[in-house]
Amino acid sequence: MSKQIQRLTGMHDVLPDERRYWDTISRAAEEVTRRFGFQRIDTPILEATELFARGVGEGSDFFVQKEMYTIVEADGSSITLRPEFTAGFVRAYISNGLHNWSQPVKLYTIGPSFRRERPQAGRLRQHSQFNCEIMGEEDPAADVEVMMVAMSLYRELGFKGLVFQLNSTGCPVCKPGYIRELVAFLDNHYDRLADIDKERLTKNPLRVLDSKAPGMEALLAGAPHIADYLCDDCREHFADVRSLLDVLGQSYTINFRLVRGIDYYTKTVFEVWQEGIGAQAALCGGGRYDGLSEDIGGPPTPGVGFGSGIERVMLGMKEQGIEPAAATPLPILVAHFGGATKTAAVRLVYRLRDAGIGARLAFARGSRSLKSQMREADHHGARYVLILGEDEITRGVVAVKPLVEGEQQSQVALDEIVGWLAERITS
RNA sequence: GCGGGUGUGGUGUAGGGGUUAACACGUCUGGUUGUGGCCCAGAAGAUCGUGGGUUCAAAUCCCACCACUCGCCCCA
């Protein structure tokens, strides 16, 4: 006996019932991006390892080894299952010469990405993401545009009470100065830091702002705010973003503790939070990454975008009681009694399908009770059962049994059944 | 990598050392000769996560491992 093969840790099967959420989300995403003028792009799931090992920066090389799915090929080259989308986007932008298109270029995609981490609520090893980016544009209105794509998506889906978190993380000009100030402040309160935060202080001090350790709330309230250290360019950009959001009536919370772990972010960073979906409360996260293109060997190109995890949005929908559209049932089931009737049934089913009418064939080796075929039809929500028995065949008709109330059973000539049904079935 | 919780038919649960592991839902088949839902009857389906140990006896107690789950770390 072979051992049963089980699902890999952190990998989920999406069964039809769950899949309805996925469909609803991706349809909404497509609708919103259409209104905003974004075009779809699909980049490979596998990329050269250095693409990801590079763009993410020094402070966060931990996951490079530990959390990426990396394969070393026979020729020694190293390739990696994408752990994020932005780097691949930018690579595609460069590889395909999109910088020669009329700028900016507005793109989106939906697909899987992979991180080898411990699963928890809203965090899987394979997760799907809706990603949306604007390349080649410095205008703060572009920052606002991607934010509004996200907010419009959630609004379209029916979300309520989301919290829009906004911050500026500065740029290579002003960020280092801020970090120095922050480190100085934290050093002064070193004994009040948790062990983990002491460690972060040396490795990636900005992350201390994100600390969940008890007592940090109070301590960090007195910490320097980045807003006070931004250079003129960054300050102006941040102010423009905020005033545009004000113009649009889009509320937001300035959260100076909002830091994204990856170094490539410049200026704008934002997240949208929903309470109640676990410790991972962000439905999406994104920001501006003006230096990323150069980091991976491309021309200097500003960019701004965000990613939103489908599974997390799904959790959010469940939490808020948002129901996805029900699957549309197949309207017809064709029943038969075996032998010659089955041949006729098979022929009929394909005639219907060719005519664009959804039809299910009652499978059976030999004959099968009509009762059981009726039950199958009912189970799948069919509207009509087309019954083909010996009688019908000899008379060249089909018995039409409606499963919805108020309609009478009737007989229709086999030659006319397609037209007869087409008149009655909308789908 | 670390910590908490949980593992009993497909799903949700009951049972907490003693012979055929219970219930509900679901599935399937019947309730006369070719007609669904409701109802009724019946059936299939579980080596009680895996492996060790204690015991005359383990689903039940102990240990380990594994998986799931929640959280930490990290967060693209």
Side-chain angles (χ1 to χ4, degrees), chain A residues 1 3-12 15 17 47 51-57 59-68 80-90 113-124 127 129 131 194-197 199-200 203-204 206-207 210-213 259-265 269 271 277-282 284-287 289 292 305-309 312 333 335-338 341 362 367-393 399-405 409:
Chain A
M1 262 309 216
K3 212 173 152 191
Q4 200 179 29
I5 296 171
Q6 48 191 357
R7 224 175 37 187
L8 258 27
T9 295
M11 306 284 170
H12 272 198
L15 271 23
D17 220 36
E47 296 272 5
L51 175 65
F52 305 116
R54 197 163 191 167
V56 294
S60 33
D61 60 358
F62 171 80
F63 62 74
V64 169
Q65 316 151 7
K66 291 218 151 179
E67 300 200 348
M68 296 201 310
T80 291
L81 244 28
R82 67 179 173 208
E84 59 138 342
F85 285 74
T86 307
F89 253 112
V90 175
S113 77
F114 303 83
R115 300 172 199 179
R116 199 182 180 295
E117 57 194 351
R118 279 320 284 271
Q120 56 180 292
R123 291 186 93 166
L124 295 172
H127 79 282
Q129 198 165 305
N131 231 258
D195 288 348
I196 179 66
D197 288 322
E199 203 176 314
R200 285 204 267 224
K203 284 167 71 177
N204 196 354
L206 282 179
R207 297 292 312 170
D210 205 27
S211 176
K212 288 165 189 157
V259 290
R260 312 221 76 225
I262 292 311
D263 292 358
Y264 61 54
Y265 282 106
V269 291
E271 291 186 357
I277 57 172
Q280 311 301 319
C284 76
Y289 45 88
L292 181 56
F306 74 92
S308 183
R312 231 179 255 187
L333 179 128
H336 58 87
F337 296 89
T341 63
S367 63
R368 178 174 156 199
S369 78
L370 184 56
K371 185 192 198 86
S372 137
Q373 299 180 64
M374 291 295 294
R375 276 181 176 156
E376 178 177 342
D378 182 65
H379 181 84
H380 289 96
R383 186 159 154 209
Y384 296 107
V385 178
L386 307 188
I387 303 168
L388 281 171
E390 305 285 355
D391 288 1
E392 285 79 8
I393 303 276
V400 181
K401 160 86 178 183
L403 294 187
V404 289
E405 288 184 44
Q409 178 159 345

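In what follows, every chain begins at residue 1, and chains take the letters A, B, ... in the order their sequences are listed.
Side-chain contact between Lys371(A) and Met374(A) is absent, with no heavy atoms from C-beta onward closer than 4.5 Å. Within the 4.5 Å cutoff, the side chain of Val385(A) has heavy atoms near those of the Leu403(A) side chain.
A salt bridge does not link Glu84(A) with Arg115(A): every distance from a Lys NZ or Arg NE/NH1/NH2 to an Asp or Glu carboxylate oxygen is 4.0 Å or more. With respect to the salt-bridge test (charged N to carboxylate O, under 4.0 angstrom), the residues Asp197(A) and Arg200(A) qualify.
Remark: the separation of the C1' atoms in rA59(B) and rA14(B) is 12 Å, to the nearest Å. A gap of 42 Å separates the P atoms of rC61(B) and rC75(B), to the nearest Å. Taking atom P in both rU60(B) and rU55(B), one finds a spacing of 16 Å when rounded to whole Å. Across the C1' atoms, rG36(B) and rU6(B) are found 41 Å apart, a figure rounded to whole Å. Nucleotides rG49(B) and rG7(B) have their C1' atoms positioned 6 Å apart, rounded to a whole Å. Comparing the same atom, P, in rU50(B) and in rA21(B) gives a spacing of 16 Å after rounding to whole Å. A distance of about 12 Å separates the P atoms of rU20(B) and rA58(B), rounded to the whole Å. For rA46(B) and rG10(B), the C1' atoms lie 11 Å apart once the distance is rounded to whole Å.
Counting to the nearest Å, the C1' atom of rC74(B) and the CE atom of Met68(A) are 14 Å from each other. Rounded to whole Å, the distance from CD on Glu117(A) to C1' on rC73(B) is 10 Å. For the pair Asp210(A) CG and rC74(B) P, the computed distance is 9 Å after rounding to whole Å. Rounded to whole angstrom, the span from the CD atom of Glu199(A) across to the P atom of rC75(B) amounts to 12 Å. Computed from coordinates, the Asp197(A) CG to rC73(B) P distance equals 8 Å when rounded to whole Å.
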| task | Begin from the C-alpha positions of Cys284(A) and Glu271(A) and carry the test side chain to side chain contact (heavy atoms under 4.5 Å, CB included) through to its verdict. | result | CA-CA 6 Å; Cys284(A) 76; Glu271(A) 291 186 357; over 6 Å; no

| Should Thr341(A) and Ile393(A) be marked as a side chain to side chain contact (heavy atoms under 4.5 Å, CB included) after you check the CA-CA gap, both sets of side-chain angles, and the distance that decides it? | CA-CA 7 Å; Thr341(A) 63; Ile393(A) 303 276; 4.1 Å; yes

Using a cut-off of under 3.5 Å, enumerate the N/O to N/O pairs linking the protein to nucleotides 69-72 of chain B.
{"unit_1": "rU69(B)", "atom_1": "OP1", "unit_2": "His12(A)", "atom_2": "NE2", "d": "3.1"}
{"unit_1": "rU69(B)", "atom_1": "O4", "unit_2": "Arg118(A)", "atom_2": "NH2", "d": "3.4"}
{"unit_1": "rC70(B)", "atom_1": "OP2", "unit_2": "Ala121(A)", "atom_2": "N", "d": "3.3"}
{"unit_1": "rG71(B)", "atom_1": "OP1", "unit_2": "Ala279(A)", "atom_2": "N", "d": "2.6"}
{"unit_1": "rG71(B)", "atom_1": "OP2", "unit_2": "Ala121(A)", "atom_2": "N", "d": "2.9"}
{"unit_1": "rC72(B)", "atom_1": "OP1", "unit_2": "Lys212(A)", "atom_2": "NZ", "d": "3.1"}
{"unit_1": "rC72(B)", "atom_1": "OP2", "unit_2": "Gln120(A)", "atom_2": "OE1", "d": "3.3"}

Hey, what are the protein-to-nucleotides 44-50 of chain B N/O distances that come in under 3.5 Å?
none

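Nucleic acid contact for Arg82(A): none, since no nucleic acid atom lies under 4.0 Å from a heavy atom of the residue. If you check every strand for non-hydrogen atoms under 4.0 Å, Ser113(A) touches nothing. When heavy atoms are screened at a 4.0 angstrom cut-off, Arg200(A) is found touching the sugar-phosphate backbone but no base atom.
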| query | With the sugar-phosphate defined as primed atoms, P, OP1 and OP2, and the base as all remaining atoms, what B/S/- string results for nucleotides 27-43 of chain B, 5' to 3', for protein heavy atoms under 4.0 Å? | reply | S-BBB--BBBS------

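Once rounded to the nearest 0.5 Å, the distance linking CZ of Arg383(A) with CG of Leu333(A) reads 15.0 Å. Atoms CZ and CZ, on Phe85(A) and Phe306(A) in that order, are 12.0 Å from each other to the nearest 0.5 Å. Here Lys203(A) contributes atom NZ and Ile196(A) contributes atom CD1; the two are 7.5 Å apart, rounded to the nearest 0.5 Å.
In terms of modelled atom types and a separation under 3.5 Å, the side chain of Glu47(A) and the main chain of Thr80(A) share no donor-acceptor contact. For Gln373(A) (side chain) and Arg368(A) (main-chain N/O), a donor-acceptor pair under 3.5 Å exists by modelled atom type. For the pair Arg260(A) (side chain) and Gly287(A) (backbone), a donor-acceptor distance under 3.5 Å is absent.
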| request: Could you provide the dot-bracket string of RNA chain B, using ( ) for intrastrand pairs, [ ] for crossing pairs and | for bases paired to another strand, with Watson-Crick or G-U pairs below 3.5 Å? | output: ((((((((.[[[[.)..(...]]]].(((((.......))))).....[[[[[..)....]]]]])))))))....

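Between Met11(A) and Arg207(A), it is Met11(A) whose nearest contact on RNA chain B lies nearer the 5' terminus.
Taking the side chain of Arg115(A) as heavy atoms from C-beta on, and the options rC68(B), rC75(B), rC74(B), the nearest nucleotide is rC75(B).
Residue Asn204(A) places at least one side-chain N or O under 4.0 Å from the OP1 or OP2 atom of rC75(B).
Contacts of Tyr265(A) classified as ring-ring contact (aromatic ring centres under 6.0 Å, His included), with partners at least two apart in sequence or in another chain: none. Evaluation of the salt bridge (Lys or Arg N to Asp or Glu O under 4.0 Å) rule for Asp195(A) yields no partner, not counting sequence neighbours.
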